[in-house]
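Beneath this line is the structure, given in structure tokens, with notes to follow.
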Amino acid sequence: MSWLRALKDTARSGLTVERTRLEPLIALRAGAGLALVIAFGLTFLGPGSAASSAFGAFMAAVASFQRSWRPRPVLALASGLTLAVSTFIGYLVGSSDTLAFLALLALWTFASGMLWAAGPTAGVIASGNVAIMLVTVTLPTSVAQAAGHAAMIAAGGVVQALLIVLFPVRRWGAQRDALADALAAEADYARRLRHDPAAPFDPAPLMAARAAATVTRRQARSRPAELHGARGLAERLRPVLASLADPAVGAPAEGPARARVRELLGAAGSVLDAAAHAIRQGEPVRLPAPALAVLKSPDTPDLLDGAALRAARRLAALLDDVLETAEPGTGRTADPAESMLRPTLPGLVPLVAKAVREELRPGSPVLRHALRVTAVASAGYLLGHALPFGHAYWAPMAAVMVMRPDFSQTYARAVARFGGTLVGVAVATGIVQLAHPGMYLSGLLAVVSAFLMYVLMRTGYAVSQVFVSAYVVFLLGMGGVRWDQTVPDRVALTLVGGLLAMTGYALYPAWETPRLRTRLADWLAAAGRYAAAVLGQYADPAGARRADVREAVLAARDARVAWQEAAERAAGEPVRHRGISRSAADDVAEALAALGRGAMLLEAHFPDRDRAPVPGAAALAGALRTATEEGARAVRERRVPGWEAVRAVLDGPEGPDHPAPGALRSTAELLLESLEEVSAALAEKPAARL
């Protein structure tokens, strides 16, 4: 992609307004918290302290809107307290020496950039702290005042956290939505399998449900019973649905048996939709009678046999369990040992430190982001002081807020921030010119602007920046600063900060395109380990650990998502790389998805613990694991992998089979076919390259 097209695409993306579900009650709670701290500050402490507390409450509320499964009060407290510490230290250093503050800014910015290793929520909160620190260190005039301002900032975060605790809005709503989305995705999958037995399934909803089900010990004791267990059932349903639909291991492609399979899949979709609705709304399950009649039909054994009949019976049993689990009740998960536990904040510190240490290596995208944002923030700070404007901190603040570890987000946010700032300051300036608001009316207008930002935050960065810009104009006006003293400076320095951010990424990029082969290789190795773990269950039914399969499938999903995210980012980069063509990459991804699907089909028919080992399964598992590891190495080295060892085991005299005639062998053939499709795609040499 050329630079011109990349710039056009990122600009369009940054200015796009998305249609999404709004959360007005949560926004109202956040706005009320901001109003409380501003009103208290103006009444008892003056506009300076009110502005400090407003920044703390504002950023604490923004943190609570981040896409995180950690309790919202914790996010609000963490944002408010860390911002208070940053502000106080910034004043102590910057009040006496500008160069010392520049060194502190560089250190703080580098640390915030490295915190992206801990996830986007930590990165966003840390970036916001650096940006707001640049503003708040200019407010106090003494150490005592700086301590007071820091205390007010922390108080703003505490107020937001208390309001979340005292006035919960749809408690457990995010977890309900995640679990309901997983069940709804399974329902959609069942319906698509009726017409396409090889239909793909995106595991993202299941991964989100797993993340949502990871709770703290306190949450585990109060979680509604219907949110505990249904996710595991959804995980077990997926291979059963695929096995029932696939002609290779299930019913024939045509005939009465196939018609019954389609009826069963349609009924499963209806049942899963009913369970998803019940969990989402916290209501009793309303099951459609026709679906239940199909699942309990007595003539199913007359139409299905073998693996298909076992899958149908297993499906009916799992759906019964889903319905029982989804029914709301008063029970609680009292034993945290039964739950997947999230570490406490103190327990998170060594994990974050380890993640950061792992990214302190040459070539790390996170390290490159940290160095890039540090250089840009420092240059913006110096340039802001050199330019004939006031409020020099706006240039580095804009740069820090728009910069992200990838190209598309950085450029899209830079355009969106400047466009939103223009509109926001224009509207706010017009209101100020017409109404000439005083201190209290300016505070009210700031609260209204913040409320609108909270409501519309999910619709796009440009929209949120419109109201953030208006919020800042009114907040500064609350302290008596005239609009003509701030608006021109803010617009000009926001443009400077955005241009610095874009230039910084262009000069020191972290392109995803050159790493696409590595992402594919990681996915190939993970998919091979998953398939080998599944085959290990057939090789040793009594001794194999089912947990090994679970760990392998989770690793394969992570690798698949990493590839998908990398491919999406690479598609928007202005980079041409002599690696793998776009069409070949798509073909390899399709083949690897089929490899995972083949392993999933085998997972649906695990032998009982008392069954004898399947001859040849152990040899095939070992050959598959070794071949995919070597194949991944070949992909990284730009070679075409070969699968002769797997074919030799499969065609040998001890080739695997299963008590259900041909089920294991036919699926193993599908695995080998998928691997050969990987090689065929990599052997292509089209002209257009990623």
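On a predicted model such as this, the values are computed, not experimentally measured, just so you know.
Taking 4.0 Å as the cut-off between side-chain N and carboxylate O, Arg550 and Glu235 count as a salt-bridged pair. Using a 4.0 Å cut-off between charged nitrogen and carboxylate oxygen, Glu512 and Arg519 count as a salt-bridge pair. With salt bridges taken as basic N to acidic carboxylate O contacts below 4.0 Å, one links Lys296 and Asp320.
Other residues, nucleotides and ligands contribute at most 12 non-hydrogen atoms within 6.0 Å of the CD atom of Glu324. Atom CD of Glu568 has 12 or fewer neighbouring heavy atoms from other residues, nucleotides or ligands inside a 6.0 Å radius. The local environment of CZ in Arg67 is sparse, with at most 12 non-hydrogen atoms from other residues, nucleotides or ligands closer than 6.0 Å. The number of heavy-atom neighbours closer than 6.0 Å to CD of Glu590, taken from other residues, nucleotides and ligands shown, is 12 or below. The environment of Asp586 atom CG is dense: over 12 non-hydrogen atoms of other residues, nucleotides or ligands sit within 6.0 angstrom.
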### Task
Check step by step if side-chain contact (heavy atoms from CB on, under 4.5 Å) holds for Leu183 and Leu233.
CA-CA 9 Å; Leu183 292 175; Leu233 293 170; over 6 Å; no
### Task
In sequence, state the C-alpha distance, the side-chain angles, and the governing distance for Arg611 and Tyr538, and then conclude on side-chain contact (heavy atoms from CB on, under 4.5 Å).
CA-CA 9 Å; Arg611 300 298 293 269; Tyr538 292 84; over 6 Å; no
### Leu520 vs Trp563, side-chain contact (heavy atoms from CB on, under 4.5 Å): CA-CA, chis, key distance, verdict
CA-CA 6 Å; Leu520 276 179; Trp563 154 257; 3.6 Å; yes
### Query
Can you list the steps and then say if Asp299 with Ser297 is a side-chain hydrogen bond (donor to acceptor under 3.5 Å, both in side chains)?
CA-CA 6 Å; Asp299 64 340; Ser297 177; 2.3 Å; yes
### Task
Test Arg70 against Thr121 for side-chain contact (heavy atoms from CB on, under 4.5 Å), laying out the working first.
CA-CA 10 Å; Arg70 193 166 288 279; Thr121 299; over 6 Å; no
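Considering every non-hydrogen atom in both Tyr189 and Ala242, the closest pair reads OH-CB, 3.4 Å. When all heavy atoms of Gln160 and Ala61 are compared, the pair lying nearest together is NE2-CB, 3.6 Å. The shortest heavy-atom contact between Ala604 and Ser243 is CB-CB, 3.6 Å. In this structure, Ala621 and Gly536 approach most closely via the heavy-atom pair CB-N, 4.3 Å. Residues Ala552 and Ala533 approach most closely at CB-CB, 4.1 Å, considering heavy atoms. The heavy-atom pair separating Trp523 from Ala593 by the smallest distance is CZ2-N, 3.9 Å.
Val215 is not listed as a side-chain neighbour of Gln175, based on a closest heavy-atom distance of 4.5 Å or more. Residues Ile26 and Arg72 fail the side-chain proximity criterion, which asks for heavy atoms closer than 4.5 Å. Proximity of Ile125 to Val62: side-chain heavy atoms (C-beta onward) are nowhere separated by under 4.5 Å. The side-chain heavy atoms of Leu671 and Leu620, taken from C-beta on, include no pair separated by under 4.5 Å. You'll find the side chain of Leu295 reaches within 4.5 Å of the side chain of Leu264, heavy atoms only. For the pair Phe606/Val534, a side-chain contact is recorded, criterion being any heavy-atom separation below 4.5 Å from C-beta on. Annotation: side chain of Leu315 is not in contact with side chain of Leu318 (no heavy-atom distance under 4.5 Å). Under the 4.5 Å side-chain criterion, counting only non-hydrogen atoms from C-beta, Pro247 is not in contact with Pro252.
How far OG1 of Thr628 is from CG of Leu675: 7.5 Å, rounded to the nearest 0.5 Å. Going from atom CZ of Phe167 over to atom CZ of Arg29 covers 10.0 Å, rounded to the nearest 0.5 Å. Atoms CD and CZ, from Gln564 and Arg557 in turn, are 12.0 Å apart once rounded to the nearest 0.5 Å. Between the CG atom in Leu193 and the CG atom in Leu265 there is a gap of 6.0 Å [rounded to 0.5 Å]. Here Leu672 contributes atom CG and Glu677 contributes atom CD; the two are 10.0 Å apart, rounded to the nearest 0.5 Å. Here the CG-CH2 distance, from Asp406 to Trp116, works out to 8.5 Å after rounding to the nearest 0.5 Å.
By the ring pair (Phe, Tyr, Trp, His ring centres under 6.0 Å) test, Tyr454 is found to be paired with Phe58, Phe65, residues two or more places apart in sequence or in another chain being considered.
Between the side chain of Thr325 and the backbone N or O of Asp321, at least one donor-acceptor pair lies under 3.5 Å. Arg191 contributes no side-chain N or O that, together with a main-chain N or O of Gly266, makes up a donor-acceptor pair within less than 3.5 Å. Between the side chain of Ser79 and the backbone N or O of Leu75 there is no donor-acceptor pair closer than 3.5 Å. Between the side chain of Asp608 and the backbone N or O of Asp610 there is no donor-acceptor pair closer than 3.5 Å. With hydrogens and angles disregarded, a donor-acceptor distance shorter than 3.5 Å links the side chain of Arg342 to the backbone of Ala211. Judged by distance alone, the side chain of Ser674 and the main-chain N or O of Leu670 form a donor-acceptor pair under 3.5 Å.
Screening Leu241, Asp188, Leu206 for a side chain to side chain contact (heavy atoms under 4.5 Å, CB included) involving Phe201 leaves a single residue, Leu206. The only option from Arg192, Arg262, Arg258 that meets the side chain to side chain contact (heavy atoms under 4.5 Å, CB included) definition with Pro197 turns out to be Arg258.
For residues 176-187, the pairs satisfying salt bridge (Lys or Arg N to Asp or Glu O under 4.0 Å) are Arg21-Asp177, Arg170-Asp177, Arg176-Glu226, Asp177-Arg280, Asp181-Arg280, with sequence neighbours left out.
Side-chain polar atoms of Gln409 and Tyr461 form no donor-acceptor pair below 3.5 angstrom.
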